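Here is the structure we will look at, set down as structure tokens.
For clarity, every value in this text was computed on a predicted model and none was experimentally measured. Chain A is the first sequence line, chain B the second, and so forth, proteins listed ahead of strands; every chain is numbered from 1.
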Amino acid sequence: MDQLTVGIFGLTGCAGDQLTLLNCEDELLAIAGKVRMKSFKMASTTEVGGEIEVAFVEGSVCQPRDLALLREVRGRAHNLVALGTCACFGGVAAMDQRLDPEILKEKVYGTEGDLFAIQRARPLSTYVDVDFMLPGCPVEKEQLLETISCLLKGSFPEIPTTPVCADCRIRENVCLVIEKEQVCCGALTRGGCKARCPSLDVPCLGCRGPVEDAYYRAEMEFLAARGVTREVVRKEMLLFSTPAGMGERLEKEFD
Amino acid sequence: MGDKIIEIKHLTRVEGHGGITVFLDGGKVRDVHMDIFEGGRFYEALVRGKPYHTLAPIVSRVCAICSASHAVCAQIAVEDAFGIEISPRTRLLRDLLLQGENIESHALHLFLLVLPDYLGYPSALDMARDHGHAARMGLALKQLGNLIQETVGGRAVHPPNVLVGGFGRMPSPSALENLVEKVRMGMEMIPILVELMAGIPVPRVLEEETVYLALLPPEGYGFVSRRIAASDGSTYSVEEFASICHERVVSHSHAKQSLYSKRPFAVGAQSRVVLAGDRLEGQARVALDRFGGQQGPFGQGNPLFNGLAQAVELVYSLETAARNLQMLLDGAFPTEEKRPEIVPRSGTGIGLIEAPRGILYHQYEFDEEGTIVDADIITPTAQNLSNIERDLRLITERYGSMIGRDGLLLPGMAPLNGKDLPFLLQVIARAYDPCISCSVH
């Protein structure tokens with residue numbers, strides 16, 4: 001059987017999802033033996049053009065250059081996997097869609113810095129069809145390995161769609177909202193992270209993106225009853241998503 | 001701009017997106033650009049209006065490889081602004097976290113990104129077929145660095161456990177005991193690591209007077225200090241850093257560039273060894289001496305020695321991790337403690353640490369509620385960019401006659417012979433271990 005052809009691509013981001021692949025130290029050489037890597041610029045000078053069976057794309061679209069690369073990759077790939085929260089939901093760069101990116105740019109570079117084109121940070125699905133989303137900031141190693149294993153067999157894995165609260169219950173954590181009066185994003189955030197942060201007594205900040213079927217209105221009422229204002233939600237709970245994610249839905253429930 | 005003769009569209013085996021363009025005019029080098037075209041996320045503007053406790057989680061996302069450094073540096077800045085003292089145990093654990101990050105980052109760079117150049121492979125994965133031992137050692141060290149970061153920081157990348165004043169949860173004694181054993185196994189690799197690196201001669205392609213900058217701790221070798229030293233003999237306080245490391249916007253790069261007294265300068269493992277190598281002890285000192293000593297090749301302006309400096313620091317970080325663990329476990333400090341009370345106040349705070357690639361500077365202004373009003377982040381790679389361009393220019397001037405031809409012959413040696421000039425330019429840029437996401441941020 002021919003080897004699965006794979007490409008790993010990065011748009012604007014921190015490279016944390018590509019790094020997570022490189023952090024699979026025990027499995028990396030085995031993976032390399034089972035796939036034909038056509039592009040993985042962070043780790044290899046090998047660059048092979050043409051069709052790819054699976055393209056993993058990390059990062060969000062923040063500039064025309066990102067969009068051009070995304071479209072090129074989509075054109076070459078039979079399957080496109082959005083790797084990480086930036087690719088799935090926009091990530092930190094997209095945290096507040098009401099901010100004008102040109103003003104952000106000017107704050108950083110001054111007026112003399114108008115030297116390159118930018119666009120509002122968006123997830124991949126704003127522009128192209130995405131075949132599979134693997135969220136996480138960064139993605140969980142086990143889920144990445146599961147995804148690769150499934151792709152080698154020609155399928156996609158089942159990634160949890162339950163909220164972080166479900167992970168907290170399994171670990172028998174004390175609820176940070178109910179019992180410790182903290183602002184925690186767990187009820188609205190996709191789990192599958194074994195509740196890493198609440199298990200450290202650190203509130204969830206929503207880094208894995210929104211739960212599809214969360215009951216946003218109930219959550220807002222629940223938080224409002226604990227004195228969590230709309231302003232707090234906007235500043236502390238919407239750090240990793242875009243209108244495609246929970247930002248818009250949460251804001252809407254508050255209107 | 002003259003004829004564009006050499007264009008490396010995408011530098012590979014580095015973090016992030018950048019290229020190299022050399023402009024020539026009638027055979028003379030007109031200009032050299034390190035093109036940084038990574039997208040901007042504008043962190044310094046994004047964090048405005050956010051509460052202080054969201055700062056570290058946000059800015060750790062500047063870069064995955066250096067995420068522990070960004071998280072710790074941000075918290076130091078918050079603590080500086082609010083006047084918060086951290087406990088000795090927190091200080092030791094943070095240092096342990098940074099040693100873990102340094103081990104992971106240096107092992108990644110040396111074994112997965114740089115070694116393939118010297119051994120003649122497109123990637124470490126290809127290299128592993130013929131040099132399985134070296135590849136596996138690199139991966140094992142990397143894994144150890146990640147395990148330390150997971151244990152202390154709660155995750156190998158973007159550590160959520162690093163809070164203002166301390167940790168969400170201090171790692172348990174049993175988790176630390178587990179690390180003791182793993183670090184001991186890592187230390188067994190030191191002699192093989194040192195001999196492997198010593199066996200790869202460093203091409204003497206460049207020797208140009210260079211200014212090196214690094215933090216100088218009150219004593220010993222280390223990554224946290226409020227004092228900056230330069231190889232011209234000057235020292236500076238934390239408040240002076242932003243002005244001595246003058247950042248400017250350049251047209252071909254999304255990253256700003258820095259100059260020190262109008263000159264390019266270098267930061268990173270090599271700079272640290274140049275400025276503080278005499279403070280190294282134990283096997284790290286033995287490794288340094290094996291590679292020629294502090295007064296040897298490191299301060300001669302050849303960036304290819306950065307790899308050996310990273311090898312010295314791998315040894316240093318392994319030994320320091322072992323020592324920190326010993327201190328954490330010997331009962332000198334309580335294993336559980338409450339974080340200090342955080343009372344925000346208006347004012348400015350500065351965080352300064354040595355990230356794996358060099359000096360990292362975070363400055364924030366807060367209002368009386370602890371909301372971020374202003375931010376300034378200066379990353380190591382942004383500081384190195386001018387020096388990288390200078391070196392690329394010198395290399396092109398020296399080996400320009402080899403443009404378009406294979407079979408470059410390099411003085412004194414060896415492994416890179418037979419390649420062409422664009423290859424050498426990439427090797428030089430890669431030696432700095434550029435972290436491009438950081439440089440733009």
Heavy-atom pairs under 4.5 Å with chain B: which of [options] has the most?
{"options": "Cys62(A), Gly10(A), Gly13(A)", "result": "Gly13(A)"}
{"options": "Val232(A), Thr20(A), Asp26(A), Asp17(A)", "result": "Asp26(A)"}
{"options": "Ile31(A), Leu22(A), Leu28(A), Val61(A)", "result": "Leu22(A)"}
{"options": "Asp96(A), Thr45(A), Thr12(A), Leu99(A)", "result": "Thr45(A)"}
{"options": "Cys193(A), Ala93(A), Cys24(A), Gly59(A)", "result": "Ala93(A)"}

Is chain A contacted by the side chain of [X], its backbone, both, or neither, given a heavy-atom distance below 4.5 Å?
{"X": "Ile436(B)", "value": "neither"}
{"X": "Asn161(B)", "value": "both"}
{"X": "Arg136(B)", "value": "side chain"}

Against chain B, label [X] side chain, backbone, both or neither, depending on which of its atoms sit under 4.5 Å from a heavy atom there.
{"X": "Leu104(A)", "result": "both"}
{"X": "Ser60(A)", "result": "neither"}
{"X": "Ala43(A)", "result": "backbone"}
{"X": "Cys86(A)", "result": "neither"}
{"X": "Val92(A)", "result": "both"}

Using only heavy-atom distances, determine whether the side chains of [X] and [Y] contain a donor-acceptor pair under 3.5 Å.
{"X": "His70(B)", "Y": "His158(B)", "result": "no"}
{"X": "Glu38(B)", "Y": "Ser439(B)", "result": "no"}
{"X": "Thr90(B)", "Y": "Arg339(B)", "result": "no"}

Arg36(A) atom CZ: more than 12 heavy-atom contacts under 6.0 Å: no

Who wins among [options] for the most heavy-atom pairs under 4.5 Å with chain A?
{"options": "Ile65(B), Leu112(B), Val250(B)", "answer": "Ile65(B)"}
{"options": "Cys435(B), Cys438(B), Ser251(B)", "answer": "Ser251(B)"}
{"options": "Arg48(B), His252(B), Glu104(B)", "answer": "Arg48(B)"}

Check: Tyr121(B) side chain, Ala128(B) main-chain N or O, donor-acceptor pair, under 3.5 Å: no

Arg61(B) side chain to Gly91(A) backbone, donor-acceptor under 3.5 Å: no

CD1-CD distance between Ile378(B) and Glu247(B), expressed to the nearest 0.5 angstrom: 4.5 Å

Ring center gap for His17(B) and Phe9(A) short of 6.0 angstrom: no

Name of the residue among Met185(B), Met189(B), Lys182(B) meeting side-chain contact (heavy atoms from CB on, under 4.5 Å) with Leu144(B): Lys182(B)

